[in-house]
Protein chains: 2
Amino acid sequence: MFAYTILMNKSQEDDKLKSRIVGISAFFHQNGRMPSFSEIGEIFHLSSKSSVYKAVGKLESKGVLIKDKKGKLIPVSIKSTVKVLGTVEAGFPSPAEEELADTLSLDDLLIKNREATFLLKVSGDSMSEAGILPGDMVIVDKGETPKSGDIVIAEVDGEWTMKYLKVRGENVTLILVPPVKNEPTCSL
Amino acid sequence: MFAYTILMNKSQEDDKLKSRIVGISAFFHQNGRMPSFSEIGEIFHLSSKSSVYKAVGKLESKGVLIKDKKGKLIPVSIKSTVKVLGTVEAGFPSPAEEELADTLSLDDLLIKNREATFLLKVSGDSMSEAGILPGDMVIVDKGETPKSGDIVIAEVDGEWTMKYLKVRGENVTLILVPPVKNEPTCSL
DNA sequence: AGTATAGGCGAACATATGTTCTCTGTCAAG
DNA sequence: CTTGACAGAGAACATATGTTCGCCTATACT
């Protein structure tokens with residue numbers, strides 16, 4: 001009939017918030033959109049929309065959720081999918097480290113200009129020294145203007161090959177955009 | 001006062017549909033959600049929701065859009081971000097090829113188990129033969145059970161290194177999942 | 001004791017939502 | 001010229017939406 005509030009300490013409260021975020025995240029990745037307030041009610045096991053409203057407001061004040069000007073939820077940290085950890089030699093992530101892990105989306109990390117980006121498969125081994133082996137796939141951004149030192153895809157004598165772009169003067173219009181500084185490609 | 005329909009031939013019709021999909025895609029990537037029917041009306045320059053309903057139904061019959069059981073639009077080809085093309089040697093994509101290009105999301109391509117996937121930076125050069133150079137980032141899926149021949153991240157004498165897993169008998173629990181067959185890693 | 005606070009329920013409200021209906025004008029085919 | 005198909009407008013409808021208010025209970029703090 002009435003609500004029986006179960007008080008909890010700080011860590012329990014954090015666990016509660018985290019599990020709620022996980023629930024919303026699961027809904028988002030399953031349905032391709034953010035849940036409505038009544039749907040959040042089902043996720044949180046709240047039978048009242050006003051309770052959902054308060055809970056969402058709390059999550060919003062913590063910066064986990066953001067609303068539209070129309071009140072609709074927009075995915076912010078929800079959309080990000082991969083946790084980022086340290087180096088391999090530094091040791092593998094412990095559960096404690098996972099808590100502090102930052103998350104990001106591979107799409108957002110690797111793609112700058114969505115319309116001008118392509119995926120190509122490499123068949124030659126001309127760039128094997130740079131870690132690009134035959135069979136790898138490369139992400140190409142043809143919207144960027146190539147800088148000297150970049151790896152570019154250029155037409156040489158009617159054939160397309162991957163080369164370093166070293167000096168100016170060549171009429172090359174397509175480059176391989178480096179998502180990380182000094183690491184000019186992504187092979188997989 | 002009334003609608004003046006401008007009839008158009010086949011290619012013009014395709015252009016119209018494509019521009020509408022582009023409009024919806026732009027809305028999705030800008031707002032993080034699919035537009036409502038009234039918002040689609042603004043995108044399509046339709047002042048009536050029923051016209052939007054018909055237009056959406058047409059797009060739906062072509063498989064470009066899919067609806068919930070609740071009538072809400074879910075992103076399908078909209079979410080995908082990168083066009084996939086042929087090999088480098090096969091020649092660079094012409095505008096005609098771009099039309100036929102398939103699109104996919106890097107997240108969906110590279111990540112199987114979202115909760116168990118991490119991003120690690122490589123500092124050693126133990127796997128340089130496989131194209132994994134120092135400074136590269138690798139995608140690790142610790143939810144998969146390693147197969148022989150996979151590249152795994154294992155603890156050897158208290159240190160974490162990347163090695164090939166060749167035979168059984170080692171107590172390794174974390175592997176590097178190969179998103180493409182015979183290409184067991186992604187470096188960038 | 002009493003008071004305050006936090007979290008939840010339920011009702012109410014204005015608006016937005018998807019859906020269906022009829023109607024109007026334009027074009028192409030008969 | 002007539003007919004039918006097509007695309008859009010406009011109104012109507014049932015439901016879903018986000019938001020606000022008042023009331024409740026259980027704990028925490030004087």
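Letters go in sequence order (proteins before strands), and every chain restarts at 1.
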Which residues pass the salt bridge (charged side-chain N to carboxylate O under 4.0 Å, His left out) test with Lys67(A), not counting sequence neighbours? Glu60(A)
Tell me the salt bridge (charged side-chain N to carboxylate O under 4.0 Å, His left out) pairs involving residues 39-48 of chain A, sequence neighbours left out? Arg33(A)-Glu39(A), Glu39(A)-Lys70(B)
For atom [atom1] of [X] and atom [atom2] of [N], their distance in whole Å:
X        : N       : atom1 : atom2 : value
Lys70(A) : dA14(C) : NZ    : C1'   : 15 Å
Glu39(A) : dA16(D) : CD    : C1'   : 10 Å
Phe44(B) : dA9(D)  : CZ    : P     : 13 Å
Lys58(B) : dA5(D)  : NZ    : C1'   : 11 Å
Ile40(A) : dG18(D) : CD1   : P     : 7 Å
Lys67(A) : dT17(D) : NZ    : P     : 14 Å
Phe37(B) : dT20(C) : CZ    : C1'   : 13 Å
Lys69(B) : dG18(C) : NZ    : P     : 17 Å

Heavy-atom distance under 4.5 Å between the side chains of Ile24(B) and Phe44(B), does that happen here? yes
Are Asp141(A) and Lys112(A) packed together at the side-chain level, in the sense that at least one heavy-atom pair is separated by less than 4.5 angstrom? yes
Check this one for me: any side-chain N or O of Ser36(A) less than 4.0 Å away from OP1 or OP2 of dT17(D)? yes
Short of 4.0 Å, heavy atom to strand atom, which residues of residues 20-32 of chain A count as contacting DNA chain C? Arg20(A)
With sequence neighbours left out, the residues meeting side-chain contact (heavy atoms from CB on, under 4.5 Å) with Val64(B) are Ile21(B), Lys62(B), Ser77(B)
Mind checking what makes side-chain hydrogen bond (donor to acceptor under 3.5 Å, both in side chains) contact with [X], not counting sequence neighbours?
X        : answer
Ser47(A) : none
Ser50(A) : Ser48(A)
Ser25(A) : His29(A)
Asn31(B) : none

If you take any heavy atom closer than 4.0 Å to DNA chain D, which residues from residues 46-55 of chain A end up in contact? Lys49(A), Ser50(A), Tyr53(A)
